[in-house]
Amino acid sequence: MSNEVKELVDENIVEVGLSGKLTHEDYEAFVPVLEQRIKQVGKIRLLVVMPDFHGWSTAALWDDLKFDFKHYSDIERLALVGDARWESGMALFCKPFTSATVKYFEISELEVARQWIAQ
């Protein structure tokens, strides 16, 4: 799994790139960045780009649930960008764990997603 976190300096937007299968180690890499940004600016907007996403390991799924419960109201908007086959599952999975407005975009709509998250 390779992941990448891009913080947009003067904004409350964080972009995370995910590919492959998400692992516990991946969460250890990017959760502290997200938590630091939340601590600095309050609510954040999260753009998750998943061009080749293959789900979570069991430990990573647990990490995801813990993060979601802890930060239920800290994410204002969540844009999920990826393969259409993940759309319904990801959107349904995310809804109970966040108060954020969640929207799904095809990978070809990355720029549209970036515009939406910044609105």
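No experiment lies behind these values; they were computed from the predicted model shown.
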**Prompt:** Between CG of Leu34 and CD1 of Ile44, what distance do you get to the nearest 0.5 Å?
**Reply:** 5.0 Å

**Message:** Run the side-chain contact (heavy atoms from CB on, under 4.5 Å) test against Glu111 and tell me which residues pass, sequence neighbours left out.
**Reply:** Arg114

**Request:** Would you name the heavy atoms of Val81 and Ala113 that are closest together and state the gap between them?
**Result:** CG2-CB, 3.5 Å

**Message:** Quick check: closest heavy atoms across Trp116 and Thr101, and the distance to 0.1 Å?
**Reply:** CH2-O, 3.5 Å

**Message:** Taking salt bridge (Lys or Arg N to Asp or Glu O under 4.0 Å) as the definition, give me every residue that meets it alongside Arg45, ordered by chain and number, with sequence neighbours left out.
**Reply:** Glu76

**Request:** Look up atom CG in Asp52 and atom CG in Leu18, then write down how far apart they are to the nearest 0.5 Å.
**Result:** 11.0 Å

**Prompt:** Does the side chain of Asn12 reach to within under 4.5 Å of the side chain of Ile38, using non-hydrogen atoms?
**Reply:** no

**Contacts of Glu109 that satisfy side-chain contact (heavy atoms from CB on, under 4.5 Å) - sequence neighbours left out** = Phe105, Glu106, Val112

**Request:** Work out which heavy atom in Ala118 is nearest to a heavy atom in Ile13; give both atom names and the distance.
**Result:** CA-CD1, 3.7 Å

**Request:** Enter the distance from Leu46:CG to Arg37:CZ here, rounded to the nearest 0.5 Å.
**Result:** 11.5 Å

**NZ-CZ distance between Lys103 and Arg77, expressed to the nearest 0.5 angstrom** = 8.5 Å

